[in-house]
Each structure stands twice: as structure tokens, then as C-alpha cells.
J.: 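Handing you this structure, nothing more for now.
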2 protein chains.
Amino acid sequence: MSDRSNPGAGKDRAFVNGLARGLRVLASFSPEHNRMSLGDLAKATGLPKSTIARLVHTLVETGYIYVCPDSGRYSLHPKVLTLGYPVMASMDKRLVALPMMQELADYSRGTVSLGIRDGLSMILIERSRDRTVRALPLDIGSRIPMETTSMGHAYFAAAGPVEQDSILEQFKTHDPSRFKEVERTLRGAEKEYADKGYCTAVGIWEDDVNAVGVAVTLSNDVLAAFNCGGPSSRITEDSLPDLGARLADLAQHFQTADWVGQLPPRPYRGVQPT
Amino acid sequence: MSDRSNPGAGKDRAFVNGLARGLRVLASFSPEHNRMSLGDLAKATGLPKSTIARLVHTLVETGYIYVCPDSGRYSLHPKVLTLGYPVMASMDKRLVALPMMQELADYSRGTVSLGIRDGLSMILIERSRDRTVRALPLDIGSRIPMETTSMGHAYFAAAGPVEQDSILEQFKTHDPSRFKEVERTLRGAEKEYADKGYCTAVGIWEDDVNAVGVAVTLSNDVLAAFNCGGPSSRITEDSLPDLGARLADLAQHFQTADWVGQLPPRPYRGVQPT
DNA sequence: GTACGCTATACCGCTATGCGGTACGATTAT
DNA sequence: ATAATCGTACCGCATAGCGGTATAGCGTAC
């Protein structure tokens, strides 16, 4: 029976299944499936309905899920945002980048984002968009693939050899069929980054999306990467060198910005969950 | 022993304790305690050390916590941000407010934020800051009290009678000693909001912080509130009427903005967690 | 040097606890 | 009216999670 929520080995006395399963429930929500019934969640997680009922009940009790008043379905409660707050706060150096990002977004009439790696994808932790665009598809906390985005390419290029090997290793085990292609792509990106100082992605993520990417180091020595991109109608292929140079410049300024000490040691001005 | 993680009644067959406790572990991180040992977590949560060890082990396995390479302590993994992403995405109407918020932040030389209620506090879901300020103390996902902030006051003032009663009820049970004072404050805020169209908070949250607040409704009929404020050196008490009017104006524009249909129905451009 | 505080990890017996069948009544859709 | 849903309830079972206690490894301090 031992259907461990996470793969992992057979039996692990120290693994709390209920917790892992509950997190799986939370993670099974997505922007397009943000209101789900117990049945939906059962399907999405592959867990039996009665188990889902228990987990959801617990999550409702603890306030991380609430029942939509109208539809009666279950939805993530904004309280889940508070779980991520300490992470955001620990990356506060990105705040110094915000004005620069906004400036470049306006200049390029596209979107500028900052992301870090999780597994084989990049998680966005900050973003700025051109003021004339209504749509900002990727928001904070969203996840984009590493192997098909300029951000991911730049990240890979700037990563140390050991991290690179680890990434490639993960790709190999995760999707062996695409591995060789992915490896070639990423190694190519590494070369491009070394040559030009930025990575370009022309229509490899989405057909009509172009972007450039540059890596940086956050205050806590966490590697991250900027990108700047948008629909090809606005971000033309010809403009990429210019944008790449500007993004590299932005990263340079960000990197060397004298950040330490600019913020007074501030206590946590938040409050308990009450 | 039935030490239920959440208060609640004695025994609830459908309550998964391990899950609730694991969430308590995640929630016990804060910006100032973002690297903790098992002992720290045991102290913070009040759970026995061996239990913590099991929960943390599970959270590490599932990737929501990682071991800091240097210190060997435990820290939240950025992956927790992805849990909140669907919430952010469901509130995408706030994106139309961003340029306006930025504009007002620049004008006022302070900070403009947008927040929604959770329990007796407000959770920030968007923020803009004046470009000349380095510090942005409150970030997305952070939590500020309702009874001492202009945002909270405006929210309360705009809430329906039933929600107001529920809020007051919670205050009464949560902190009876302060209840009468809080009630008076909130009722006063309601009156102020009805009179002026905004709420002011002069040094009630922090001594040297002034702010104004105005409520709005997000696309999904969720009540929310803007605030605009900052240190009294920049946001003087005299400027509050002007800022209040401008914030009310912003809210008005935001409210009536024709948002529906401006975004093409977009698929989730994110990717699986791999 | 040794005694201490702090790590994290391991072990282990117990039983409460979460499990997942299956069944029910209420809604809503076909 | 039939057919899917929805969520809730029940219940016997076995094990999964519990929390005590014990151990081993570091650093620090005295």
C-alpha cells in the first residue's frame, strides 16, 4: 500500500505521509484550476476521496483553504502567501533592482523579471512590466522551464560546474529522451553567455516570444537571473543585442550596488497570524 | 495527549494532525528567524523535538525546506512561493492598479500597497514604492494589523455589517481587554470613511508613520484596501487630505477600469514542479 | 582536559490515528 | 426520471506517527 506521496524509497519511519499529501493538495491548485471540488482534488492528486476529504478538512480548519461562498468549491486562501513572505524578505536585495527593472521594462516595452532556480525550473521572485501592457502572464511565484527560457539559460551558464552537473543529471533522470538535446542547448547557452554576456531566446519557449537573460548573485549568495522579453511584435529579434547589453548593464549595476547598510536593521513589522 | 495543532474541539476524526503540525512548522519561520535548528523549531512550535525532526525531514524530502549549506540550519525553500502563485493569479486585477500605484508612490514619495484581510490582519498582495526610497519594509505576503493601520480601517469601513460583526466578534474573543478600544477605533474609522472617503492613520501603527487608506473590490468580489503612507518626514500630516483624495481617486479608477476581456484567456504558462 | 551545551540521529514500544473502503442523502445536470 | 455529481458519515483495521529516551558529533568554555 505504501503509496508515499513523494517517490523515495520503500519505508521511511520518519516520513509523515499526511503532511506530504496535504502539501500535494495545496500544490495541486493552479491558476486555471483554482476552485476545485473534492473529486477534482482526488483526481489531481491521485488520492482516494475520503483521504482528500480529511486533508481538505484539515486545511480548511487551519485556514489555508476556504470554501467559496458561491460555488461551494474549495480554493486557496490568501493566507498561503504568508508562508512565502520570509523567503521574499530574505531576498530583499532584489528591491534595489526594482526601479532598474521598471526602467528597462518601459524602455523595451516588455517585461523584466528576476528568478531563481528550483529543480529544473525557474521561480519568479520579482517582475516589472511596461506600463502600456495589460497582460503580465508570469507573476511572482510562477514557474518557467529552465531549458527553454533565456532566464534559465543565463542561470545555467553562470552556475558553477558542480551545480551544472547536478542540473544535467536531473535532466537525464527526469527526461532521458530529451537529455542530449537539452544538454546541447544548455552548453550552447553557456558559450553564448561567455561570448556576449547574455543569453538570447528567440521563440524557443513560445513561438512569438523573444527574450534575453543575464545572471546575478543575490545578497545571500544565491544565484539568480534576470530576463527581459515579450511578444516578438514588441521585442524584435533585432533589438535583442541592445536589450542584452542593457540587461547586462542592469545586472552589473545591481551586482555592485552598495546594498549592505542601506537598510536599517528593521524588526519584523508584521504581526502574528491571529 | 491529543494536542491538536489548531485549537478546535477535543477529537476530530477527520483532522490530520501531522499536516497541521507541518504547516505550523512552515509558518514558524519569519524574516528574522529564517534559519532555524530543530531545537529552535521545537521551541517556536511547542512540539517535541522528535516530532519536529520527523516533520522537518518530511518537509526537506518534499522540498519546501532545505538545509543551509553553510550553517547547517533549516530554511524555507523558495518553492513555498509557488504555493501562493495561484492566489496571486486569481487576483490579477490588481495588475491594472500597479501603474497607478507607482504613480502615486512617486508623487507622495512614500509607499502604496494593496491588501486583503485574513483574520484580524491584512495581508499585502501588491506594493509600489517611491523610487527614491531604499527601504520597503512590507513586502508581498506580509501581514499588518487591522486595528492600527489605515488599510485595515478602510477595509473595515467598507465591509458589510455581517463581516464587521464577525471581525469584532473575533477581536472580542481574541483580546477582550482591548476590545472596547478597538471597537471604538473601528467604528470611528467607519465614520471617517463615510465622511471623507478615506481613512487616516497618524502615528497609530508606528509613531512616525502616517498613512491613508481606501477600500476597493477585486474582480472576484473580494474586498481589499489600498493604503498610501510613509515616514512622517515625507508624508506629513498636512498632506494626508490631498493623498487621501488621490488614493480615493485611484481606487475609483481602478474599480471602474474595464478589466474583463483585456486579458486574453491565457493558459497556464508555468510548468510542473519537476 | 573535561564538562558542557548544542547539534542531529537512532531506536522502540504503544496506541491513537489516519486510512480507504463503502454507503448515504442532497444537488444539479442530462 | 436517470445519472452524475456534490459532500458527509460510518467503521474496522493496521500501521503510521508519536514522544519518550539514548547516542554520537561538534564547538565552546572553563
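Every heavy atom of this structure was used, including side-chain atoms; hydrogens, water molecules and symmetry mates were not. It should be emphasised that the depicted structure is a prediction, and the values quoted were computed from it without experimental measurement. Chain letters run A, B, ... following the sequence lines, proteins first and then strands; every chain starts at 1.
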J.: As a test of reading the structure: which of C:dT9, C:dG18, D:dG19 is closest to the side chain of B:Val16, going by heavy atoms?
T.: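 Between C:dT9, C:dG18, D:dG19, the one nearest the side chain of B:Val16 would be C:dG18.
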
J.: Could you state the CG-C1' distance from B:Leu19 to D:dC18, rounded to the nearest angstrom?
T.: 16 Å

J.: Would you mind reading off the bend of the helix from C:dA8-D:dT23 to C:dC24-D:dG7 from its two end axes, five pairs each, to 10 degrees?
T.: 60°

J.: Once you round it to whole Å, what is the distance between P of C:dT9 and CZ of A:Phe15?
T.: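 To the nearest whole Å, that distance equals 16 Å.
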
J.: Rounded off to whole Å, could you give me the CD1-to-C1' distance for the B:Ile52 and D:dG17 pair?
T.: 14 Å

J.: Give A:Ser37 one of three labels, base, sugar-phosphate or nothing, depending on what nucleic acid heavy atoms sit under 4.0 Å from its own.
T.: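 Counting heavy atoms under 4.0 Å across all strands, the contact made by A:Ser37 is with sugar-phosphate only.
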
J.: I'd like to know if the side chain of A:Ser75 and the backbone of A:Asn34 have a donor-acceptor N/O pair within less than 3.5 Å.
T.: yes

J.: Under the 3.5 angstrom rule, does the side chain of B:Arg94 hit a backbone N or O of B:Met91 as a donor-acceptor pair?
T.: yes

J.: B:Arg35 CZ to C:dC6 P: how many Å, rounded?
T.: 21 Å

J.: Mind calculating the distance between CZ (A:Arg73) and P (C:dT27) to the nearest angstrom?
T.: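 One finds 17 Å between P of C:dT27 and CZ of A:Arg73, rounded.
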
J.: Using modelled atom types and a 3.5 Å cut-off, is there a donor and acceptor pairing between side-chain atoms of B:His153 and backbone atoms of B:Leu186?
T.: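 Checked: no pair found.
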
J.: When you get a sec, tell me which of C:dG18, D:dT8, C:dT9 is the closest nucleotide to the side chain of A:Leu38?
T.: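 The closest nucleotide is D:dT8.
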
J.: Using heavy atoms to find the nearest nucleotide of DNA chain D for B:Thr51 and A:Asp40 separately, return the residue whose nucleotide is more 5′.
T.: A:Asp40

J.: Measure the distance from CG on B:Leu47 to P on D:dG19 and round it to the nearest whole Å.
T.: 7 Å

J.: Has A:Arg21 got a side-chain atom pairing as donor or acceptor with B:Leu19's backbone, closer than 3.5 angstrom?
T.: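 It does not hold such a pair.
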
J.: Could you check whether the side chain of B:Arg21 and the base of D:dG17 have a donor-acceptor pair of N or O atoms closer than 3.5 Å, going by distance alone?
T.: no

J.: Looking at A:Arg54 and A:Glu61, does any basic side-chain N land under 4.0 Å from a carboxylate oxygen?
T.: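 No salt bridge links A:Arg54 with A:Glu61.
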
J.: Any donor-acceptor pair under 3.5 Å linking the side chain of B:Lys79 with the backbone of B:Thr62?
T.: yes

J.: If you go through the side-chain atoms of A:Arg54, does one of them form a donor-acceptor pair with the base of C:dG20 closer than 3.5 Å?
T.: yes

J.: Output the rounded distance in Å from NZ (A:Lys43) to P (D:dG7).
T.: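 Between P of D:dG7 and NZ of A:Lys43: 11 Å.
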
J.: Please check if the side chain of B:Thr45 supplies one atom and the backbone of B:Val25 the other of a donor-acceptor pair under 3.5 Å.
T.: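 Looks like no, no N/O pair under 3.5 Å.
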
J.: Take A:Gly18 and A:Lys49, find for each the nucleotide of DNA chain C with the closest heavy atom, and name the residue whose nucleotide sits nearer the 5' end.
T.: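 Here A:Gly18 is the residue nearer the 5' end.
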
J.: Starting at CD of A:Glu61 and ending at P of C:dG18, how long is that distance when rounded to a whole Å?
T.: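 In whole Å, C:dG18 P and A:Glu61 CD are 13 Å from each other.
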
